[in-house]
Amino acid sequence: MTRRFTVLAVLAVVCAAVEVVAGRGMSPGVVWEVLNGGGDATERHIVFQLRLPRLLVALGAGACLAVAGLVLQSALRNPLAGPEVTGVTPGAVLGAVTATALGLAGWDAPLAVVLAACAGGCAGAALLWLLAGRGRGDPAQTAVHGVLVSAVLGGLTAMVLLVEPGELGSVVQWLVGTTEGRVWEHWHLLWPWALVWGVAAWLLAGPLTLLRCGDDIALAAGLSARRARTLALLCAVALTAGAVAAVGALGFIGLLVPHLAVAVFGADLRRSLPGAALTGAVVVCGADAAAQLSSRLLATALDSGRLTLPVGALTACLGAALLLLVVRRTPSRTF
């Protein structure tokens, strides 16, 4: 187990190094010179004020989404549960966009954005909980209701954007998910939020393990299933809201990364929760590095200096392809 964590940590370092040098405008040699104390004022500003906070935000957001997904799948006993398909992510996006439209939040008030996103995420999860009714334990029914809730919340977000297009031009990034333009303010907001709720999720590892075994076993062990599930959902919503407020709606991270973490670290959530955090950080950081390299190659090929591929578009495409591949290879499994 220690070796697996070590391998993932090495992968995180490699992805971080690639992301720092992957951006356009500076060669890897210049970046290395800046990191060693050289370079001019502009080069130092790009590396230390733009690329490093972007890297840290990508790592933190990936960890938040992966842990939130594993908590949701454990609490709901549903392998298809995830922030993207349970109304949490689209609800958080709707909350952030609506608060910005009403003038209650914005980039000059990042804490208000997080609170609005958290409220929207809670509303989305509650709406799914009400619609699922007695079929909450059925993964297929929950998935169908989750798609419907996500579609409704996405439609409401589009309506808000149409009503206030002038004020909400910059929040379109929340709909796709991007780390472009992230600065130290985003990181200073994200890391304490992620640390508090990540520790809270890890402290719930024991109750979550019992919930994975079923409510009857949890009750026999003296656990209040409803209370434990409520706390777990609160942690998942808060982690998702923090990630959405920082980078927007990154697709499939919270749905697929938990399965990978459980496969690598086992069903013991005391190990798989930290493993999911590290795996999510590696996946988002690697995807962001790949998106920057792809943008660089496409800009050169198409002779377009302003072409930028958002990391959310890349994770959505790769995640959908991976999910389709898994389903086709294992048609007998219940997904």
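Numbers here simply count residues along the sequence, with the first being 1. No hydrogens, no waters, no symmetry mates; every other heavy atom, side chains included, goes into these values.
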Drop me the distance from [X]'s [atom1] to [Y]'s [atom2], to the nearest 0.5 angstrom.
X	Y	atom1	atom2	result
L211	L76	CG	CG	9.5 Å
L59	C15	CG	SG	8.5 Å
L273	S74	CG	OG	7.0 Å
T89	L94	OG1	CG	12.5 Å
L223	L208	CG	CG	9.5 Å
R44	L50	CZ	CG	14.0 Å

Got [X] and [Y] here, is their nearest side-chain heavy-atom distance under 4.5 Å?
X	Y	answer
V283	I253	yes
Q73	L255	yes
P90	T157	no
L148	L131	no
V10	V7	no
V183	Q49	no

Contacts satisfying salt bridge (Lys or Arg N to Asp or Glu O under 4.0 Å) that involve residues 245-269 (not counting sequence neighbours) are D268-R270, D268-R271

Output yes when a side-chain donor or acceptor of [X] lies under 3.5 Å from a complementary backbone atom of [Y], and no otherwise.
X	Y	value
E43	D40	yes
R229	A75	yes
H259	L256	no
E33	P28	no

Linked, directly or transitively: [X] and [Y] (ILVMFWY side chains, under 4.5 Å):
X	Y	result
V30	L52	yes
V57	V196	no
V247	W191	yes
V282	L314	no
W193	V71	yes

Heavy-atom pair of closest approach, residues [X] and [Y]:
X	Y	value
L55	C285	CD1-SG, 3.5 Å
C64	A243	CB-CB, 4.0 Å
V88	A125	CG2-CB, 4.0 Å
L309	A313	CD1-CB, 4.4 Å
G87	L153	O-CD1, 3.5 Å
G266	S272	O-CB, 3.4 Å

- Where does the angle between the aromatic ring planes of H188 and W184 fall among parallel (under 30°), tilted (30 to 60°) and perpendicular (over 60°)?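 The arrangement is parallel - the two ring planes meet at less than 30°.
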
### Residue pair F252, V257: steps toward the side-chain contact (heavy atoms from CB on, under 4.5 Å) verdict
CA-CA 8 Å; F252 288 96; V257 171; over 6 Å; no

- Query: Could you walk me through whether V264 and T279 pass the side-chain contact (heavy atoms from CB on, under 4.5 Å) check?
  - Reply: CA-CA 10 Å; V264 173; T279 304; over 6 Å; no

Handout entry: Listed once per pair and sorted, the ring pair (Phe, Tyr, Trp, His ring centres under 6.0 Å) pairs that draw on residues 5-42, sequence neighbours left out
Key =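 Listed once each, the pairs are F5-F265.
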
Go through the steps for R54 and E180 under the test salt bridge (Lys or Arg N to Asp or Glu O under 4.0 Å), then give the verdict. CA-CA 7 Å; R54 174 175 181 163; E180 187 76 21; 3.0 Å; yes

List the steps, then state whether side-chain contact (heavy atoms from CB on, under 4.5 Å) holds for V284 with T315.
CA-CA 8 Å; V284 174; T315 59; 5.6 Å; no

- Item | Test side-chain contact (heavy atoms from CB on, under 4.5 Å) applied to W187 and L56, step by step | CA-CA 7 Å; W187 170 245; L56 293 175; 3.7 Å; yes

